[in-house]
There are 2 protein chains.
Amino acid sequence: MAASTTTRNRTRPVDKYDERRNQLAESALATLGELGYAKTSLREIANNSEFTHGVVHYYFRDKFELIVYCVRYYKARCVRRYDDVVADATTADELLDGFAAKLRQTLREEAPMHRLWYDLRNQSMFEESLREAVTTIDRTLEEMIWRVVSRYAELAGREPVTGPAAAYGLLDGLFQQALLGYVAGDETALETLSGQVHGLMPLLLRPADQAGRTVPAPQSRS
Amino acid sequence: MAASTTTRNRTRPVDKYDERRNQLAESALATLGELGYAKTSLREIANNSEFTHGVVHYYFRDKFELIVYCVRYYKARCVRRYDDVVADATTADELLDGFAAKLRQTLREEAPMHRLWYDLRNQSMFEESLREAVTTIDRTLEEMIWRVVSRYAELAGREPVTGPAAAYGLLDGLFQQALLGYVAGDETALETLSGQVHGLMPLLLRPADQAGRTVPAPQSRS
DNA sequence: GAAGATTCTTGACACTCGTCAAGCCCAGCT
DNA sequence: AGCTGGGCTTGACGAGTGTCAAGAATCTTC
């Protein structure tokens with residue numbers, strides 16, 4: 001009975017409809033962040049909301065549409081997280097400090113969301129239907145990181161030695177490792193990450209005096 | 001009825017018993033690598049073996065013991081993968097080439113195993129019972145990578161700028177990104193990874209002439 | 001070859017899952 | 001007031017899950 005994508009009918013309760021979808025997505029994200037993809041059921045999602053399990057099927061065709069909607073909904077919130085840092089910094093060191101601080105804060109405050117993100121990204125390696133949504137958001141994250149790195153290089157008056165993909169891969173690896181430790185109860189993961197990032201970022205800049213080798217950017221975008 | 005951990009009784013069919021366990025673990029790993037943790041059932045595992053689903057409970061108390069056994073079983077096979085490369089190389093460049101080639105090969109031939117590993121590592125962020133096994137193998141992988149990096153530095157006559165954890169995090173990030181792309185069908189991920197690693201590794205060495213900054217090693221081991 | 005232990009199959013159980021349809025509730029219109 | 005229809009609840013279904021027990025099949029040992 002529900003309409004195709006987001007509009008319901010012409011009478012106009014479009015916003016009400018989307019509002020409920022977002023409300024359910026919020027509950028779903030909270031549940032997924034707590035239990036993980038494997039153990040999250042629609043009933044559990046509904047229990048974490050103020051509705052019952054039937055409602056989910058009123059607003060989403062099936063479980064999959066809900067999950068994908070959640071991924072996109074989540075992306076909209078997280079993808080501009082470092083833009084302020086980039087915009088406000090006036091020196092390379094200031095940018096680096098702000099970036100590291102924001103990473104620490106993200107780790108501390110958004111750990112469930114991020115373990116969910118890694119979970120879903122991994123699921124996309126098994127479930128092809130998730131792949132498109134995941135690839136899209138992953139690319140957006142890469143661009144977000146690249147805005148930081150390239151601006152950092154600019155402020156330092158040097159050039160990055162890596163392309164966007166490599167820069168994202170490196171930083172994401174450190175962050176994921178820190179998240180793993182932090183979730184396991186290692187409080188020092190916060191400071192460790194900060195220190196590692198402070199150490200890594202300068203390495204991503206080509207030395208001013210000499211022409212070093214570069215980490216080649218991917219030839220194409222597949 | 002089954003014995004406690006691995007020995008069965010004193011008559012001596014210890015090896016037979018363990019052999020079956022390993023056989024089942026092999027089937028389980030194949031299934032898990034294909035379907036992922038979330039969608040793998042004991043019946044499916046048994047179907048991929050020459051036994052029926054009841055046998056699983058004859059050799060493993062429950063699903064969890066099987067999974068954990070699999071993780072450890074898998075680790076035993078993969079953790080010395082780069083040792084030959086380290087032992088055989090006589091120059092830094094040779095080591096680097098061999099390492100990159102081995103990474104390419106791993107990506108091409110063992111993609112299902114590795115997406116499974118990342119899946120399980122992520123699950124450990126939701127399921128505490130997995131944490132210990134995962135942490136153990138993760139540390140072993142870190143040591144494996146560190147053997148490569150430190151030997152690489154040694155051959156180059158320089159010092160690493162990172163500690164073992166950061167080195168592992170960085171390389172793991174690149175590998176995971178490449179795996180994601182490769183599984184999604186991007187064949188160029190192989191060469192991209194190789195190029196990125198060739199670019200990254202020299203950055204991990206402190207310049208011979210000057211005393212650069214270092215990526216601090218974690219203070220403690222949590 | 002019989003007796004006993006071990007290994008494996010089969011079928012059942014209690015439960016949870018996603019899905020769906022029937023109907024209740026209540027705001028808004030005539 | 002009475003009706004209408006969208007929003008929501010409830011309860012059911014079939015399929016699939018982990019687990020387990022009872023017994024068949026196979027091997028071991030005397």
Side-chain angles (χ1 to χ4, degrees), chain A residues 1-4 6-25 27-28 31-32 34-70 123 126-127 129-130, chain B residues 1-4 6-25 27-28 31-32 34-70 123 126-127 129-130:
Chain A
M1 300 294 169
S4 51
T6 164
T7 80
R8 181 125 190 75
N9 57 22
R10 73 274 220 184
T11 62
R12 190 228 46 145
V14 167
D15 39 354
K16 197 82 173 202
Y17 184 69
D18 279 2
E19 192 183 318
R20 278 280 177 280
R21 280 170 74 98
N22 292 343
Q23 212 171 340
L24 285 172
S27 298
T31 311
L32 285 162
E34 212 53 48
L35 301 180
Y37 178 81
K39 296 195 298 184
T40 295
S41 69
L42 295 182
R43 282 173 168 81
E44 196 65 36
I45 290 173
N47 281 351
N48 276 20
S49 78
E50 45 178 341
F51 306 106
T52 51
H53 67 271
V55 157
V56 177
H57 276 279
Y58 187 79
Y59 289 99
F60 296 94
R61 197 180 334 105
D62 55 12
K63 186 181 187 180
F64 225 78
E65 188 186 313
L66 170 61
I67 299 282
V68 171
Y69 187 86
C70 284
Q123 291 310 315
F126 296 100
E127 198 124 24
S129 17
L130 274 176
Chain B
M1 302 298 168
S4 52
T6 163
T7 80
R8 184 126 185 71
N9 58 22
R10 73 275 217 185
T11 61
R12 190 225 50 143
V14 166
D15 39 354
K16 197 82 174 201
Y17 184 70
D18 279 3
E19 193 183 317
R20 278 280 177 283
R21 279 170 76 97
N22 292 344
Q23 213 172 338
L24 285 171
S27 298
T31 310
L32 285 162
E34 211 54 47
L35 302 180
Y37 178 82
K39 296 194 299 183
T40 294
S41 69
L42 295 183
R43 283 170 167 80
E44 195 64 36
I45 290 173
N47 282 349
N48 276 22
S49 78
E50 44 177 342
F51 306 106
T52 52
H53 68 272
V55 163
V56 177
H57 275 278
Y58 186 78
Y59 288 99
F60 296 94
R61 197 180 335 106
D62 56 11
K63 186 182 186 178
F64 227 78
E65 187 186 314
L66 170 62
I67 299 280
V68 171
Y69 186 86
C70 284
Q123 291 309 313
F126 297 100
E127 198 123 24
S129 17
L130 274 175

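On a predicted model such as this, the values are computed, not experimentally measured, just so you know. All chains are named by letter (A, B, ...) in the order of the sequence lines, taking the proteins before the strands, and each is independently numbered beginning at 1.
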Taking only side-chain N and O atoms of A:Arg20, does any of them lie within less than 4.0 angstrom of OP1 or OP2 on D:dC8? yes

Rounded to whole angstroms, how far apart are CZ on B:Phe64 and P on D:dT17? 18 Å

Take the protein atom CD of A:Glu19 and the nucleotide atom C1' of D:dG7, then report the distance between them rounded to whole Å. 13 Å

Would you kindly give the CZ-to-C1' distance between B:Phe51 and D:dT26, to the nearest whole Å? 13 Å

Can you tell me how far P of C:dC25 sits from OH of A:Tyr58, to the nearest Å? 18 Å

Residues passing the side-chain contact (heavy atoms from CB on, under 4.5 Å) test with B:Glu44, sequence neighbours excluded, are B:Thr31, B:Leu35, B:Ser41, B:Asn47, B:Asn48

B:Lys39 NZ/CZ over A:Tyr37 ring centroid, <6.0 Å and within 45° of normal: no

Give the rounded distance in Å between these two atoms: CZ of A:Phe60 and P of D:dG7. 14 Å

Distance col, row B:Ile45:CD1 vs B:Phe60:CZ, nearest 0.5 angstrom, shows 9.5 Å

Verify, without hydrogens or angle tests, whether A:Asp18 (side chain) and A:Arg21 (backbone) share a donor-acceptor contact under 3.5 angstrom. no

Minimum heavy-atom distance between A:His57 and A:Asp62, given as atom pair plus value: CE1-CA, 4.2 Å

Among D:dT9, C:dT7, D:dC8, the one nearest any side-chain atom of B:Tyr59 is C:dT7

Shortest non-hydrogen contact from A:Leu32 toward B:Phe126: O-CE2, 3.6 Å

Could you tell me how far apart B:Ile45 (CD1) and D:dT17 (P) are, to the nearest whole angstrom? 11 Å

In B/S/- notation (B base, S sugar-phosphate only, - none; protein heavy atoms under 4.0 Å), nucleotides 11-18 of chain C written 5' to 3' is BB----BB

Tell me: OH of B:Tyr37 to P of D:dT17, nearest whole Å? 14 Å

How close or far is atom C1' of D:dG7 from atom CZ of A:Arg21, stated in whole angstroms? 15 Å

